Amino acid sequence: MTISIKNNDDIKKMRVAGKLASEVLDFITPFVKPGISTEELDQLCHNFMVNEQNTIPAPLNYAPPGHAPYPKSICTSVNNQICHGIPGDRILKKGDIINIDITVIKDSYHGDTSRMFYVGEPSIQAKRLCEITYQSMWKGIQQVKPGATLGDIGASIQEFAEDNGFSVVREFCGHGIGTVFHEDPQILHYGKKGEGLKLKEGMTFTIEPMINAGKKEIRMLPDGWTVVTKDRSLSAQWEHTILVTHEGYEVLTKSSGTPAPFLD
Ligand code: MF3
Ligand code: CO
Ligand code: CO
């Protein structure tokens with residue numbers, strides 16, 4: 001396992017990429033309304049990235065081993081879809097919840113972030129799931145500092161999600177990120193305090209817990225990308241790209257529309 005440590009020049013570029021990724025979410029927010037299709041959301045984001053930001057949408061044609069190239073520029077995961085939902089002709093309706101996951105490349109560096117959106121008024125359960133998932137991401141982020149371990153991050157996310165009656169998806173995780181989209185280390189959203197790799201200043205990685213209202217088990221749709229809950233329960237996810245600093249952490253995927261941190 002080789003974990004890249006970013007220098008000051010890398011970090012400057014990661015800040016730019018992170019802000020741009022977050023600004024795509026700010027841009028798309030007013031469009032997430034009943035009646036729009038996920039394909040339209042993809043087209044709007046694609047055009048914004050390519051024509052306004054001069055960024056590259058990293059998902060488009062992304063083809064990790066064993067996968068067909070991803071056909072779109074963003075991921076849109078609705079209701080029981082956990083992650084990697086492919087935009088298409090599905091029309092959003094009142095009461096849906098949707099994760100929009102954006103990864104841009106700017107000056108060779110990646111910024112990766114996602115948020116949950118309510119389409120109209122959410123059910124009480126859906127709102128609670130989205131809020132608890134957001135808070136669980138922040139439980140993980142708050143563990144980040146030199147000398148802390150990956151197990152500290154995973155354990156704090158898992159404990160919070162499970163104490164609230166939800167489950168943590170195991171098959172997908174956060175990841176190191178830089179000039180490579182998915183690099184070492186893997187950031188599990190479950191685990192044991194004190195176990196695993198020790199964090200070092202200059203590491204950059206994502207924290208992106210996927211939390212299910214029901215059981216943790218997943219199913220892959222025949223499209224080979226879209227991951228759904230096996231029991232058809234709702235699922236939520238939030239994602240930030242994080243830098244390990246001398247004092248603790250810096251969130252790199254920030255913009256004017258970023259929701260306020262959840263701090264203890
Ligand atoms: N953005 C996702 C992540 O957080 C990865 C999407 S890969 C794609 O790691 F090919 F599905 F777009
Ligand atoms: Co990611
Ligand atoms: Co992402």
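Note that these values count all heavy atoms, side chains included, but never hydrogens, waters or copies made by symmetry. Since we're looking at a predicted model, the values are computed, not measured. All residue numbers refer to positions in the sequence shown, counting from 1. Atoms within a ligand are numbered from 1 in the order they appear, just like the ligands themselves.
Nearest to atom 2 (C) of ligand 1 among the protein's heavy atoms is D101 OD2, 3.3 Å. Scanning all protein heavy atoms for the shortest distance to atom 12 (F) of ligand 1 gives P59 CB, 3.1 Å. Ranking protein heavy atoms by distance to atom 4 (O) of ligand 1, first place goes to E208 OE1, 2.8 Å.
Ion pairing between K139 and D264 holds under the 4.0 Å rule for side-chain N and carboxylate O. Residues R170 and E217 are not paired through a salt bridge, judged by the lack of any N-O separation under 4.0 Å between the basic side chain and the carboxylate. Using a 4.0 Å cut-off between a side-chain N of Lys or Arg and a carboxylate O of Asp or Glu, E121 and K127 do not qualify as a salt bridge. Using a 4.0 Å cut-off between charged side-chain N and carboxylate O, D26 and R115 make a salt bridge.
With 2.8 Å as the limit, E208 counts as an N, O or S neighbour of the Co ion (ligand 2). Here H182 fails the criterion, with no N, O or S atom under 2.8 Å of the Co ion (ligand 2).
Between the choices H110, H182, H67, the shortest heavy-atom distance to atom 9 (O) of ligand 1 belongs to H182. In the candidate list H84, H175, M210, H84 is nearest to atom 6 (C) of ligand 1, counting heavy atoms.
Counting heavy atoms from C-beta outward, S136 and I157 have side chains that approach closer than 4.5 Å. Side chains of I100 and I74 form a contact here, defined as non-hydrogen atoms less than 4.5 Å apart.
Of the polar atoms of Y70, none of the N or O atoms is found under 3.5 Å from an N or O of ligand 1, judged by distance alone. Looking at ligand 1, you won't find any N or O of Y62 less than 3.5 Å from one of its N or O atoms. Ligand 1 has a nitrogen or oxygen under 3.5 angstrom from a nitrogen or oxygen of E239.
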Run the salt bridge (charged side-chain N to carboxylate O under 4.0 Å, His left out) test on D96 and K93 for me, step by step, so that the C-alpha distance in whole Å, both residues' side-chain angles and the decisive distance to 0.1 Å come before the verdict.
CA-CA 6 Å; D96 285 343; K93 56 177 194 338; 2.9 Å; yes
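Smallest separation of non-hydrogen atoms from Q142 and Y249: CA-CE2, 4.0 Å. In terms of heavy atoms, H67 sits closest to W225 at CB-CZ2, 3.7 Å.
Using a 4.0 Å cutoff on heavy atoms, F181 counts as a contact of ligand 1.
Every atom of ligand 1 with a heavy atom of W225 under 4.0 Å away is listed here by number and element: 8 (C), 10 (F), 11 (F). Set against the non-hydrogen atoms of T103, the atoms of ligand 1 under 4.0 Å away are 1 (N).
Within a 6.0 Å radius of CG in D89, other residues, nucleotides and ligands contribute 12 heavy atoms or fewer.
Shown are F172, F205, Y62; of these, the ring-ring contact (aromatic ring centres under 6.0 Å, His included) with H182 is made only by Y62.
Contacts between T206 and ligand 1 below 4.0 angstrom, taking non-hydrogen atoms only, are absent altogether. Heavy atoms of C75 found under 4.0 angstrom from ligand 1 belong exclusively to the side chain.
Within E239, the N, O or S atom lying nearest to the Co ion (ligand 2) carries the name OE2. In D112, the N, O or S atom that comes nearest to the Co ion (ligand 3) is OD1. When the Co ion (ligand 2) is compared with the N/O/S atoms of H175, atom NE2 turns out nearest.
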